[in-house]
Amino acid sequence: MEDQDAAPALAFEKDAFELTVEDVYDISYVIGRDLLKISSGGKEVSDLQFKIVRVLELFETLVNKSNLSLEELKMERDNLKSEVERLLGDGSSDMQGTQTFGADKLVIDLKDPNRPRFTLQELKDVLQERNQLKTQLLLAQEELQLYKRQVELAAVKSL
């Protein structure tokens, strides 16, 4: 019986990122068991029990989402690895083994309509020019507002 009671308590010793939904259930079991021991405490203990249950439900949801996200990331990693291997295989058959890829190389499918078409420097230049034009536009708009106010004041003074 002591081993059965000790097994759920092991969940408290795990790293937060290693917890599973079953571990949350084990933690809930241990906390529930301990709360039953002090359940004669009245309304305050009862209110505390409901709050703890709510926190454990939230905790379960977070652990479940974390595990799902981790699984999705692992699947995406595996898909990307297989895609890279496929591309390397296609590239080696096209180039007959003369081309090697390093870790710092980017593989681009030239048939992909969403592939990058500009260098990073070209993008920086375009963004800088856009920001300069935007600044000039704002200045021109401010001048226009100033002239409009002057025309309005002149019209009011002439009346």
Side-chain angles (χ1 to χ4, degrees), residues 10-28 30-32 35 43-159:
L10 294 176
F12 285 102
E13 297 174 13
K14 287 189 175 181
D15 183 61
F17 295 107
E18 296 175 354
L19 289 175
T20 64
V21 174
E22 289 79 20
D23 294 327
V24 175
Y25 295 150
D26 289 344
I27 291 170
S28 300
V30 171
I31 291 173
L35 285 173
K43 181 163 175 38
E44 292 83 14
V45 173
S46 177
D47 290 344
L48 179 61
Q49 286 175 333
F50 285 113
K51 290 176 185 174
I52 290 173
V53 167
R54 178 65 182 138
V55 168
L56 289 170
E57 288 171 346
L58 294 170
F59 188 42
E60 175 190 4
T61 302
L62 290 173
V63 167
N64 196 23
K65 282 185 180 181
S66 173
N67 287 340
L68 288 176
S69 297
L70 183 61
E71 286 301 315
E72 289 172 355
L73 288 172
K74 285 179 181 177
M75 287 173 44
E76 183 65 21
R77 180 199 62 201
D78 294 342
N79 288 340
L80 288 173
K81 278 183 180 179
S82 63
E83 181 68 16
V84 166
E85 289 172 1
R86 184 188 66 77
L87 289 172
L88 290 175
D90 290 349
S92 65
S93 64
D94 291 344
M95 302 300 257
Q96 297 174 352
T98 59
Q99 186 175 10
T100 59
F101 293 95
D104 59 344
K105 301 292 182 188
L106 176 65
V107 178
I108 297 175
D109 182 7
L110 295 176
K111 297 174 186 169
D112 181 12
N114 297 322
R115 73 181 183 280
R117 291 177 175 27
F118 301 100
T119 66
L120 189 58
Q121 185 59 45
E122 289 171 328
L123 289 174
K124 285 179 182 178
D125 292 342
V126 168
L127 286 174
Q128 187 175 11
E129 183 180 353
R130 181 196 69 129
N131 289 339
Q132 288 173 348
L133 291 171
K134 201 172 188 181
T135 302
Q136 290 173 355
L137 175 64
L138 289 174
L139 290 173
Q141 286 176 336
E142 287 176 9
E143 278 187 57
L144 180 61
Q145 290 296 325
L146 180 65
Y147 290 133
K148 283 182 178 178
R149 284 190 205 121
Q150 288 176 351
V151 169
E152 289 173 3
L153 285 175
V156 169
K157 286 183 182 177
S158 66
L159 292 176

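Computed from a prediction, not measured in an experiment: that's the story for all the values here.
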query = How many angstroms lie between atom CD1 of I31 and atom CG of L56, to the nearest 0.5 angstrom?
reply =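 So the CD1 of I31 and the CG of L56 are separated by 4.5 Å.
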
K148 side, atom NZ; L146 side, atom CG - distance, nearest 0.5 Å =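 If we round to the nearest 0.5 Å, K148:NZ and L146:CG are 12.0 Å apart.
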
query = Any Lys/Arg nitrogen of R149 or E152 sitting under 4.0 Å from an Asp/Glu carboxylate oxygen of the other?
reply =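 Result for this pair is no, no salt bridge flagged.
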
key: side-chain contact (heavy atoms from CB on, under 4.5 Å) involving D23 - partner list, sequence neighbours excluded   =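 Residues passing side-chain contact (heavy atoms from CB on, under 4.5 Å) with D23: A11, K14, L19, T20, D26.
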
Enumerate donor-acceptor pairs with a distance under 3.5 Å from any side-chain N or O in residues 122-142 to protein atoms, sequence neighbours excluded.
residue	atom	partner	partner atom	Å
E122	OE1	T119	N	2.8
E122	OE1	T119	OG1	3.4
D125	OD1	Q121	NE2	2.9
N131	ND2	L127	O	3.4
T135	OG1	N131	O	2.9

